[in-house]
2 protein chains.
Amino acid sequence: MGLLSKSTEYALRAVLYVASRKDAKYVSIREISDELGVSFHFLTKILQRLTRKGLVVSYRGPGGGVALARPAGRITLMDIVEAVEESDLFTSCILGLAGCGEKKPCPLHGQWARERTGLGKMFRQTTIAKLAGHVVRDKLRLADG
Amino acid sequence: MGLLSKSTEYALRAVLYVASRKDAKYVSIREISDELGVSFHFLTKILQRLTRKGLVVSYRGPGGGVALARPAGRITLMDIVEAVEESDLFTSCILGLAGCGEKKPCPLHGQWARERTGLGKMFRQTTIAKLAGHVVRDKLRLADG
DNA sequence: CTATTTTCAGACATCACAGTCTGAAATTGG
DNA sequence: CCAATTTCAGACTGTGATGTCTGAAAATAG
């Protein structure tokens, strides 16, 4: 099992792509799906979710597309993950036990809680701006290959 | 998305349960599924996988059931995960990009690689014996509630 | 040998995620 | 107004993980 769902992977890649071309006003979903090599219609649904959540703004018609709703430096990975992913990786028990916590821990609770905290910190502290800058400077790819 | 699949969660809980009752020679799958509160038939399939992989030995007939194939101190969480889980969480790209690695990293590669290493260490260094001991000593539960 | 208990094996059903398709609504440009 | 472009909306299908069911095979006890 991957850490993130396909939907979340695509959402992150799409947002990073948009951020990495901040010269453009709106970036069309068709361009994004072509560049990322993913299904146009599927990506459309995912980006609509981000639009409804207010992370992205969209515009219809020629020259339209999507753009970030706020500066990339104020959007974190966690913002995207929470908007798309439903199950909460950062609070649930690694053995899937309901009610696992400090009071009634599962045998792995302590160790998993530590790892989970580190992961959460990474997602909360990393901004789209930082990664998009990384992409532009080092010419990193957002597609397979 | 959870970190582990349901199958892997059940496998870990079942193995921990068996290890925590090391007085018994064989523990029947019926007893395990009752104690864990999971489907008997589903758990049977998962334990058969562990049997085929050589982590567990089984015996049919009255008084039969499953037992650990080697001392719990020589079975790690990683052993179980690798036997049940197919996709490899500990080597794949967090954005799902094929060919992501040190040479052609995705923008998140560095950060994810660090977290991933910590996770892998936890799974590789933690033995069933340690956790089962934890369960027995502190009377921890392996079922919901 | 017979009946019971248990794992083994595989078919089948169910469900969520992933992906496809068609058409409506909005916007632009001529 | 008209045609083209693009997002929005939702129905539909495919696929793999999850879960259920039935019966065979092995072992035990009487």
Side-chain angles (χ1 to χ4, degrees), chain A residues 1-14 18 24-69 81 84-89 95-96 144, chain B residues 1-14 18 24-34 36-69 81 83-87 89 95-96:
Chain A
M1 197 178 265
L3 185 71
L4 305 175
S5 67
K6 279 286 171 217
S7 295
T8 305
E9 288 177 3
Y10 291 174
L12 286 171
R13 290 165 62 194
V18 171
K25 197 161 152 73
Y26 288 100
V27 184
S28 79
I29 302 179
R30 179 64 70 180
E31 172 183 342
I32 303 173
S33 70
D34 282 350
E35 288 296 322
L36 300 186
V38 307
S39 153
F40 165 73
H41 287 290
F42 190 35
L43 184 60
T44 293
K45 287 204 296 191
I46 296 167
L47 288 176
Q48 281 170 14
R49 193 118 124 251
L50 294 183
T51 302
R52 280 194 294 272
K53 296 278 186 173
L55 289 167
V56 153
V57 290
S58 64
Y59 207 81
R60 293 197 250 202
V66 298
L68 302 185
V81 171
V84 179
E85 201 93 3
E86 52 300 307
S87 81
D88 195 70
L89 174 65
L95 293 180
D144 282 346
Chain B
M1 197 179 263
L3 183 71
L4 305 174
S5 67
K6 279 286 172 222
S7 295
T8 305
E9 289 177 3
Y10 292 173
L12 286 172
R13 290 165 61 193
V18 171
K25 196 161 154 66
Y26 287 100
V27 184
S28 80
I29 301 179
R30 179 64 70 181
E31 172 184 340
I32 304 173
S33 70
D34 284 349
L36 300 187
V38 306
S39 153
F40 165 74
H41 288 289
F42 190 36
L43 184 59
T44 293
K45 287 204 297 191
I46 296 166
L47 287 176
Q48 281 171 13
R49 192 117 127 253
L50 294 183
T51 302
R52 280 193 294 271
K53 295 279 185 174
L55 290 168
V56 153
V57 290
S58 63
Y59 206 80
R60 294 198 250 203
V66 299
L68 302 186
V81 171
V84 179
E85 201 94 3
E86 53 301 307
S87 79
L89 174 66
L95 293 182

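Residue numbers begin at 1 in each chain, while the letters A, B, ... track the order of the sequences.
Ranking dT27(C), dT20(D), dT28(D) by closeness to the Tyr59(B) side chain, first place goes to dT28(D). For His41(B), the listed nucleotide lying nearest its side chain is dT22(D); candidates were dT28(C), dC17(C), dT22(D). Candidate nucleotides dT7(C), dA18(C), dT5(D) were compared by shortest atom distance to the side chain of Lys6(A), and dA18(C) ranks first. Nearest to the side chain of Ser28(A), among dT7(D), dC8(C), dT28(D), sits dT7(D).
For Arg60(A) against dT27(C), no side-chain N or O and base N or O form a donor-acceptor pair under 3.5 Å.
If you find the closest nucleotide of DNA chain C to Thr8(A) and to Gly61(A), the one lying nearer the 5' end belongs to Thr8(A).
Note on Tyr26(A): nothing from the nucleic acid sits closer than 4.0 angstrom, heavy atoms only. Backbone-only contact: Tyr10(A) has heavy atoms under 4.0 Å from sugar-phosphate atoms and none from a base. Here Ile29(A) lies in heavy-atom contact (under 4.0 Å) with sugar-phosphate atoms only. Contacts of Glu31(B) with the nucleic acid, taken as non-hydrogen atoms under 4.0 Å apart, are absent. Counting any heavy atom pair closer than 4.0 Å across all strands shown, Arg52(A) reaches sugar-phosphate atoms only and no base atom.
When the P atom of dC12(C) is taken as reference, atom NZ of Lys45(B) falls 13 Å away, rounded to whole Å. The interatomic distance linking Phe42(B) (CZ) with dC15(C) (P) rounds to 15 Å, in whole Å.
Distance CG/Leu43(A) to CG/Asp34(A): 10.5 Å, rounded to 0.5 Å.
Leu4(B) places a side-chain heavy atom less than 4.5 Å from the side chain of Leu12(B).
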